[in-house]
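Letters A, B, ... are given to chains in the order of the sequence lines, protein chains preceding strands, and every chain is numbered from 1.
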Number of protein chains: 2
Amino acid sequence: MTTRDELLSAAAATLADAGLSGASARSIAARAQVNQALIFYHFGSVSELLEAAVRSSVDAALADYRERLADVETVSGLVELARELHSVEKARGNVAQMTQVLAGAQRDATLARAATYAITAWRDEVEVALRRVLASSALRDVVDPAAIAATATAGFIGLSLYEGVDPDGAEAALGSLDLLAALAEVIDGLGPVTTRVVRSRLRHLVPAARS
Amino acid sequence: MTTRDELLSAAAATLADAGLSGASARSIAARAQVNQALIFYHFGSVSELLEAAVRSSVDAALADYRERLADVETVSGLVELARELHSVEKARGNVAQMTQVLAGAQRDATLARAATYAITAWRDEVEVALRRVLASSALRDVVDPAAIAATATAGFIGLSLYEGVDPDGAEAALGSLDLLAALAEVIDGLGPVTTRVVRSRLRHLVPAARS
DNA sequence: GTCTATACATAGATAGAC
DNA sequence: GTCTATCTATGTATAGAC
């Protein structure tokens, strides 16, 4: 591995387990076992290093899940995959990385670029899968896949932060996603007459609903 | 206002608009127009000041909404109130305060106490309202109010962070909550036969569902 | 309770030798 | 590309006068 790569991986690891405030040039360089000045030589600033690190973490994680996501056929399959993704990516530290960058993005323009990249990359990927899965659902032209993808992404972030503070609550919250998936399946299985009723009433109640 | 109170309010404001990294003893004291050393005299450390500030923000906000929350009778009313709460509390800076503390809580034990306090206070309050609202719903013994309260709280946090990065997506996500509320209403209006079917199928699909 | 002054650690960043 | 050395700013925290 080149020094540049060592720094990228040390930055990701430091961000994940020491948080944003602990991700200083010195601590990252120490972990990478290289000289602190090299961060500025290779990346210009600490924020820019963190940005690059987050981008490559996101790219790697997305590459890992792209196939799996493409295979999902049902809403409950999607929830199941989300559950696995959450626990795996959490163990890898990618989740912590993300929450720290998101929080820092509110004030640091460079981190904000990283956060935007990460969020939109995941949102877009989820949207594609959702669009496919919902195509055969009774709710197909009532729900907006883009909106649901944004909701899911935001929820994922929220859950990750929430988990650090109320682990039992976080587990319970994940359980309520199963319920939501089940609800979607039950609605799909109600038969053509009821389905039409549900769809027309929903469209009446939420005029903004679109495809 | 006493110096102590000036510091509390300056800490809250600084945390909200300069973030955790910008909430130093010096910047908070400058905003409060008092001497920096007084933070340590009154609170012991910056983290402890932030903790106290967050606690009083939460108490104040909860007091503001307790009545309104008690008046809500429907799921869509709850979503509507959540929307208002989000925009009002965001304008007040309480939302930013919360997200910063949550992010910092992952590594700082004092901030973690503040975060736990805030999260559980809101979750409990939401749970009570949800329990009341859901009591008359067809889904009453299928959904767990505590789980939904945790989901809502986590989602609120997530949305707030997400909003800083993808404002349009955040608005769309809020829209999908309207859909969810509408769905609950439609299900409630389906008539006794269909309702029984939905309930039994849901319980079959999600054995973990309880009251 | 409040102020001045200051100790001390650590941050980001750069210059210049190698 | 990498290292040593260093500048400068800013952070937390304390001592002691008022």
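- Overall, the helix from C:dG1-D:dC18 to C:dC18-D:dG1 carries an axis bend of 0° between its ends, with five pairs at each end and the value rounded to 10°.
- Between B:Asp188 and B:Val75 the shortest side-chain heavy-atom distance does not fall below 4.5 Å.
- A search for side-chain contact (heavy atoms from CB on, under 4.5 Å) contacts involving B:Leu205 returns A:Ala182, A:Glu185, A:Val186, not counting sequence neighbours.
- Rounding to the nearest 0.5 Å places CG of A:Leu179 at 11.5 Å from CZ of B:Arg203.
- Residues that satisfy the salt bridge (charged side-chain N to carboxylate O under 4.0 Å, His left out) test with B:Arg4, not counting sequence neighbours, are absent from this structure.
- For B:Asp64, the salt bridge (charged side-chain N to carboxylate O under 4.0 Å, His left out) partners two or more places apart in sequence, or in a different chain, are B:Arg92.
- For DNA chain D, the span of nucleotides reached by chain A at under 4.0 Å from its heavy atoms goes, 5' to 3', from D:dG1 to D:dT6.
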Donor-acceptor pairs are to be reported for all side-chain atoms of residues 38-47 of chain A against protein atoms at under 3.5 Å, with residues two or more places apart or in another chain.
{"residue": "A:Ser45", "atom": "OG", "partner": "A:Glu48", "partner atom": "N", "Å": "3.2"}
{"residue": "A:Ser45", "atom": "OG", "partner": "A:Glu48", "partner atom": "OE1", "Å": "2.8"}
{"residue": "A:Ser47", "atom": "OG", "partner": "A:Asp108", "partner atom": "OD2", "Å": "2.7"}

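- Residues of residues 37-48 of chain A having a heavy atom closer than 4.0 Å to DNA chain C, listed by number: A:Ala37, A:Phe40, A:Ser45, A:Val46.
- Looking at A:Ser176 and B:Thr151, their side chains do bring a donor and an acceptor atom within 3.5 Å of each other.
- Within the structure, ring-ring contact (aromatic ring centres under 6.0 Å, His included) pairs that include any residue of residues 57-84 of chain B do not occur (at least two apart or interchain).
- For DNA chain D, the residues of residues 19-35 of chain A within the heavy-atom distance limit of 4.0 Å (strictly under) are A:Arg26, A:Asn35, sorted by number.
- A:Asp17 is linked by a salt bridge (charged side-chain N to carboxylate O under 4.0 Å, His left out) to A:Arg31, counting only residues two or more places apart in sequence or in another chain.
- Evaluation of the salt bridge (charged side-chain N to carboxylate O under 4.0 Å, His left out) rule for A:Glu171 yields A:Arg83 as partners, not counting sequence neighbours.
- Computed from coordinates, the A:Gln36 CD to C:dT14 C1' distance equals 10 Å when rounded to whole Å.
- Among residues at least two apart or in separate chains, ring-ring contact (aromatic ring centres under 6.0 Å, His included) pairs with a member in residues 101-159 of chain A are A:His86-A:Phe156.
- In this structure, the separation between CG on B:Leu8 and CG on B:Leu50 is 10.0 Å, given to the nearest 0.5 Å.
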